Amino acid sequence: MKKRFSTIAKTLTLTMMCSLFPLGSSLAKTEEKPVDLDMLFIGAHPDDEAGGLSTYGQWIEQYNYKMGVMTITRGEGGGNAVGTEEGSDLGILREKEERDAVSIAGINHVFNLDKVDFYYNVSAPLTEKVWDHDVTLEKVVRTIRMTKPEILFTMNPSPTPGNHGHHQYAARMAVEAFYAAADPTKFPEQISKEGLKTWSAKKIVYRGASGSGVNIGGKCETTFVPSEPTDKVYSIWSGRKSEKQNKTWAQLERDAQKLYESQGWKVFDDVPNDPNQLGCDRFTEFDSRVPITKDNQQSTSLLEGALLTTEKGLPLGTEISVTTSNYKIVPGETFKVNIEVTNNSEKILKDANLKLELPGGLEAETNGQVSIKQLKMGETQKFSFTVKASTTMETKRYRLNATLAVGEKQGFSSRVIEGVSALEAKLQPLPHVKQFQEWAEKNRVQHLENLIKPVFSIGLGESKDVQVNVTNNSSSVQSGEVSIQLPEGFQTLQPSITIDSLNPDETKAIQFSVQNTNTSLKTSNEGGTNGDYDFTITTKTTDKSVVQKAAINLVPVTDIQQAATEPTIDGEEHEGEYPDHDIDLSRLWEGSVPTSSMDASGHAKVSWYKDALYFYVNVQDDLLGTVLDKDDAKRHWRTDSVEITIDPQGNSENTSSTFKVGVFPTTTEHKPAAYRDADNYQGPIELTAPGMEIASKINEENYNGYTMEVKIPFSVLPAAVDPEKFAFNIFVYDSDTKDKTGQTRLGWSTWGGVQGDPYRWGHGKLKDYHPDVNLPQQPKEPIIPMDVAKSVLSPQSILQSSLNGVPLASGVALEKDSLMMVGKPKVSQKTVNVKLKAKIPGTANVFLWSNKQILDKKSIDFESNKQAEVVLQYPTDKLTETTYVLVSYETKDGKTMSLSYPIGN
């Protein structure tokens, strides 16, 4: 527990830090200790923190808290609505946007981990492969151990539909680091060689919640009811006014969001001026190590136990950790509840009473209470209770509370368990969902599994073998019956299957053949309830019947015929080129609803001929978006375009084994252009899809839409086509502005985030097509873009590191004096001379930095004990007060250090 300082003592800004630099001959000093944070947000990209800035800002202003933002990438894979920068250059731009934005909320520390933002996907496993689990986790843990935040904030770690794989994985790193940073066996060299200590953050939460309640006005803090009763949700109203800035925090958050200009956020509408029309930020708790008082619904309740205490609450620094031997609890069986009580407060705890509070259906074998006569400062005591579940225990989730009372003050910590039936049948999860479930179990956060609704997809009129896994959760042999209850329009010939003599902890896979019998049902997000045709799986034993809820995603299907004549790629449809079979592209999946078919709609036809697929697309549109230069014809979602996605074998887990191309109907050269994105091999088609042809017809002067024609050779796909399992999709992106922002997304097989979900793309049956045996039978290895912005080349990061003591990219710090600045930089007219001396070999990057811009930069390689002079140029007659000489130094093993020296007049 860190000692809480007074408001005056805690106010140490970057401006004050600058006073630490001496004017003598030695190098500019960094802080003796890294910055001590109260809160830390962990996300994947610049702007991921933006939705919570109203909450963070009001707490920072009210209590003078220090907060940091960790951004694992700099967003190099995003779009750019303000220029042509991309890759590492875009990353540096987005870092500046983020720093400017979060400063509105009083956040001055942004940590970039130098991992690449390779492209939008919805796969945490793919992200892990690119980012390298151990390397990324080590950096997150190092940052936590150095900066010692009490509360971690992050994102949703689950593969909910449309959730970016980078967001998922950043959140998983946060969760793992919450536990690993406190564990001396994790990254022990940080302790033995770097001199760090373990650190136990007190709480970790993610932004977002599922439930209902009043969503606007101050009452949104006290009326929210979680969909899952055991979820612990905190609500903070954004309608409070900042005393310093004389705006509501919602307005300030929107001001900050508009600074992410490269992402097109500058055009966001202002929020209402009436505070009663403003809503709440909501955060859901992953885990907590500290006690809180019951029924605390204040706006600061999330801070309780970690940064604040209440009048009736336990002293700040009291910790109670609750764990259980099992998460899944079977009726009639016993399990252990383990409780650790730690006193990190400034007082000795005397005559305390610890009580285990259990809901109905659970009973401790003893009375569930224990007295603690004395708990000294820094001391921990451990207790274990044996709990038995009744034979009538319900199959639902329970929260177990451990309450500690010291006189009239008390607080409780808790743990969630789930009552399960002895025999349990569940739909086989999708591969990325299965991986998430395994991760949740490994990290003992199985309660997060309720974030994912079990689903499978099936084509219109098709049949599919659906796997159901039956598990014996109990300690005795079990038998029963599993049945499936399908919605209207679907059937199975064998609705129930008997399970005989399943051994303890054994899982058996069974299959139901499901068929869509009503081909008039609506597909995609227009079908069922928001695209879900709900069904249930029921498990019956002699004494119990339990139900799992699941859903079917019905995707459209079309036949792809061989063209009678080879299509001519000219942007027009000619007789014999395409069968008379229309594909409707007018379903909305994201963005604004078109006011009419003339506002935005589309239709397509598809055929094959010899060695290629052919697409003819007709788009109606009333306003032409930004016309890009040919060299900037990429990131197709920024303006009017069509995206074609192909999963050649219909079994891709993510888009790295698919083909995705964005086609622009026109450019400033009045010719179409195309660029592969977020797939097996990204880049302009001239490089990544040889033999691909495009053509369009468009009247830019009297614009009412366009037609385009596309030839895609089978040879450019990641693998040979399976004519019976082929999956594809066509999307229309509509922009009605000239600011490189899109407003509407339409398509054929449509759900939110569907561009990253191959399992929900439509099915195409290639009639009479026989694959070329010379084409790859397995998808080629993906080529991932690795153009990443590095912290050693970011003046913003170098300056921060020199001031707050956290190494660049949260890596290993070099020893002091590995690189020294000899004397003061010498400023003369138009030049600044800097003398550097290296103790060990490495590369120095030297910047002249003024008003957040680079005036000049030089790089120089050093050998051991070598000295060099760097001459930097500046164009102005006078340097401003905010001018620095900044130096990063990096050795071959990746260790770094940062120097800064103010030289402004």
Side-chain angles (χ1 to χ4, degrees), residues 42-49 69-80 84-99 110-140 142-143 154-155 157 163-174 177 260 262-263 634-635 637 654-658 660 675-684 687-688 755-756 780-794 796-798 807-812 845 888 890 894 896:
I42 300 173
H45 317 101
D47 72 37
D48 285 348
E49 73 290 324
V69 169
M70 176 183 290
T71 306
I72 294 179
T73 80
R74 284 182 172 83
E76 299 93 345
N80 189 349
T84 58
E85 297 92 344
E86 59 182 30
S88 57
D89 290 338
L90 177 59
I92 297 299
L93 171 64
R94 292 191 67 183
E95 178 187 352
K96 178 185 182 300
E97 290 177 342
E98 181 175 37
R99 290 182 182 277
V110 176
F111 308 101
N112 297 104
L113 302 194
D114 288 8
K115 293 299 176 180
V116 66
D117 175 27
F118 52 98
Y119 56 68
Y120 173 80
N121 65 85
V122 292
S123 174
L126 177 62
T127 303
E128 178 175 345
K129 181 179 179 180
V130 177
W131 285 0
D132 190 323
H133 172 275
D134 290 353
V135 172
T136 302
L137 181 60
E138 181 184 22
K139 288 174 175 251
V140 181
R142 179 180 289 110
T143 310
T154 189
M155 313 181 80
N163 191 14
H164 200 315
H166 297 175
H167 295 170
Q168 297 174 44
Y169 204 71
R172 296 186 197 184
M173 291 293 93
Y260 299 99
S262 68
Q263 303 312 293
K634 55 194 74 171
R635 313 294 189 264
W637 55 87
N654 57 68
T655 61
S656 69
S657 55
T658 70
K660 299 177 71 208
Y675 192 98
R676 290 180 64 177
D677 187 274
D679 70 345
N680 188 257
Y681 185 19
Q682 301 92 61
L687 172 67
T688 62
Q755 76 270 44
K780 304 171 188 175
E781 277 296 308
I783 298 174
I784 303 295
M786 298 301 292
D787 184 7
V788 61
K790 296 189 66 178
S791 292
V792 292
L793 299 176
S794 167
Q796 304 161 103
S797 294
I798 298 167
L808 291 169
S810 295
V812 180
N845 302 289
S888 69
E890 183 178 26
T896 66

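No experiment lies behind these values; they were computed from the predicted model shown.
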Enquirer: Check the angle between the aromatic planes of H45 and H166 and answer parallel, tilted or perpendicular using the 30° and 60° thresholds.
Expert: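 If you compare the ring of H45 with that of H166, the planes turn out tilted.
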Enquirer: Check whether any side-chain heavy atom of L808 sits under 4.5 Å from a side-chain heavy atom of S888, and report yes or no.
Expert: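 They are in contact (side-chain heavy atoms under 4.5 Å apart), so the answer is yes.
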Enquirer: Determine whether a donor-acceptor pair (N or O, by modelled atom type, separation under 3.5 Å) exists between the side chain of D89 and the backbone of E85.
Expert: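 Not a single qualifying donor-acceptor pair exists.
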Enquirer: Keeping the roles fixed (side chain from R676, backbone from G683), state whether a donor-acceptor pair exists under 3.5 Å.
Expert: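 Side chain of R676 to backbone of G683, a donor-acceptor pair under 3.5 Å: no, none is there.
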Enquirer: For V140 and L113, work out which heavy atoms get closest and say how close.
Expert: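 Where V140 meets L113 most closely, the heavy atoms are CG2-CD1, 3.8 Å.
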Enquirer: Could you state the interatomic distance from CD1 (I798) to CG (L793), rounded to the nearest 0.5 Å?
Expert: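 Going from the CD1 atom of I798 to the CG atom of L793 covers 7.0 Å.
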Enquirer: Between T896 and P807, what is the shortest heavy-atom contact and its length?
Expert: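 Scanning both residues completely, I find the closest heavy atoms to be OG1-CB, 4.3 Å.
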Enquirer: Parallel, tilted or perpendicular, judged at 30° and 60°: which one describes the rings of W131 and Y169?
Expert: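 Geometry flag for Y169 against W131: perpendicular rings.
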Enquirer: Minimum heavy-atom separation for G77 and D117, please, with both atom names.
Expert: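 Nearest heavy atoms, G77 then D117: N-OD2, 2.8 Å.
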Enquirer: State whether the side chain of Q263 and the backbone N or O of G79 hold a donor-acceptor pair below 3.5 Å, judged by distance alone.
Expert: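 It does hold such a pair.
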Enquirer: Can you tell if the side chain of E95 reaches within under 4.5 Å of the side chain of S794, non-hydrogen atoms only?
Expert: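 When only atoms from C-beta onward are counted, S794 and E95 do touch, with a gap below 4.5 Å.
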Enquirer: May I ask you to say whether R94 pairs ionically with E76, meaning some side-chain N is under 4.0 Å from a carboxylate O?
Expert: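 E76 and R94: not salt-bridged.
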Enquirer: Does any N or O in the side chain of N80 come within less than 3.5 Å of the main-chain N or O of G78, such that one atom is a donor and the other an acceptor?
Expert: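 No; judged by distance alone, with no hydrogens or angles, the pair does not exist.
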Enquirer: Do the non-hydrogen side-chain atoms of V130 and M786 ever get within less than 4.5 Å of each other?
Expert: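 Contact flag for V130/M786 side chains = yes.
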Enquirer: Knowing that exactly one of S791, S797, S810 qualifies, which makes a side-chain hydrogen bond (donor to acceptor under 3.5 Å, both in side chains) with D114?
Expert: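 The option that passes is S791.
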Enquirer: Contact between S262 and E97 at the side-chain level, heavy atoms closer than 4.5 Å - yes or no?
Expert: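 Yes, their side chains come closer than 4.5 Å.
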Enquirer: Using every non-hydrogen atom in the two residues, find where D48 and G43 come nearest and quote the distance to one decimal.
Expert: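 For D48 and G43, the tightest heavy-atom pair comes out as OD2-C, 3.9 Å.
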Enquirer: Regarding Q168 and T127, is there a side-chain donor-to-acceptor distance under 3.5 Å anywhere?
Expert: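 No, no side-chain donor-acceptor pair sits under 3.5 Å.
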Enquirer: Work out which heavy atom in A789 is nearest to a heavy atom in I92; give both atom names and the distance.
Expert: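 Scanning both residues completely, I find the closest heavy atoms to be CB-CD1, 4.1 Å.
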Enquirer: Check E138 with R142, please: is the shortest side-chain N to carboxylate O separation under 4.0 Å?
Expert: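 Answer for the salt bridge query: yes.
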Enquirer: Let me confirm one number: the CD1-OH distance from I784 to Y119, rounded to the nearest 0.5 Å.
Expert: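 Between atom CD1 of I784 and atom OH of Y119 there are 4.0 Å.
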Enquirer: When you look at NZ of K780, are more than 12 heavy atoms from neighbouring residues, nucleotides or ligands closer to it than 6.0 Å?
Expert: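 Buried by this count: over 12 neighbours within 6.0 Å.
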Enquirer: Rounded to the nearest 0.5 Å, how far apart are OG1 of T655 and CD of Q682?
Expert: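 Here the interatomic distance stands at 8.0 Å.
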Enquirer: Just by distance, do the side chain of Q796 and the backbone of K96 share a donor-acceptor pair under 3.5 Å?
Expert: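 It does hold such a pair.
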Enquirer: Please answer whether the main-chain N or O of N680 pairs with a side-chain N or O of S656 as donor and acceptor at a distance below 3.5 Å.
Expert: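 Between the backbone of N680 and the side chain of S656 there is no qualifying donor-acceptor contact (under 3.5 Å).
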Enquirer: Is there a donor-acceptor pair under 3.5 Å between the side chain of S123 and the backbone N or O of L126?
Expert: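 Checking the backbone N and O of L126 against the side chain of S123, a donor-acceptor pair under 3.5 Å is found.
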Enquirer: Could you grab the distance from atom CE of M173 to atom NZ of K115, nearest 0.5 Å is fine?
Expert: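 Output value for this atom pair is 10.5 Å.
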Enquirer: Enter the distance from I42:CD1 to T71:OG1 here, rounded to the nearest 0.5 Å.
Expert: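 It comes to 10.0 Å.
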Enquirer: Please determine which of R635, K634, K660 meets the salt bridge (charged side-chain N to carboxylate O under 4.0 Å, His left out) test together with D677.
Expert: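 When salt bridge (charged side-chain N to carboxylate O under 4.0 Å, His left out) is applied between D677 and each of R635, K634, K660, only R635 qualifies.
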Enquirer: Could you walk me through whether R172 and E128 pass the salt bridge (Lys or Arg N to Asp or Glu O under 4.0 Å) check?
Expert: CA-CA 10 Å; R172 296 186 197 184; E128 178 175 345; 6.0 Å; no
Enquirer: Do you know which two heavy atoms are closest between D787 and G87, and how far apart they sit?
Expert: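 Here D787 and G87 meet closest at OD2-CA, 3.4 Å.
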Enquirer: When rounded to the nearest 0.5 angstrom, what is the spacing between CG in L93 and CD in E98?
Expert: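 These two atoms lie 12.0 Å from each other.
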Enquirer: side-chain contact (heavy atoms from CB on, under 4.5 Å) between N654 and V122: does it pass, once the steps are laid out?
Expert: CA-CA 7 Å; N654 57 68; V122 292; over 6 Å; no
Enquirer: Do side-chain atoms of R74 reach the backbone of L90 as a donor and acceptor pair under 3.5 angstrom?
Expert: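 Pair absent, no side-chain N/O of R74 close to backbone of L90.
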Enquirer: Just by distance, with hydrogens left out, do N121 and H164 show a side-chain donor and acceptor under 3.5 Å apart?
Expert: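 Side-chain D/A pair, N121 to H164: absent.
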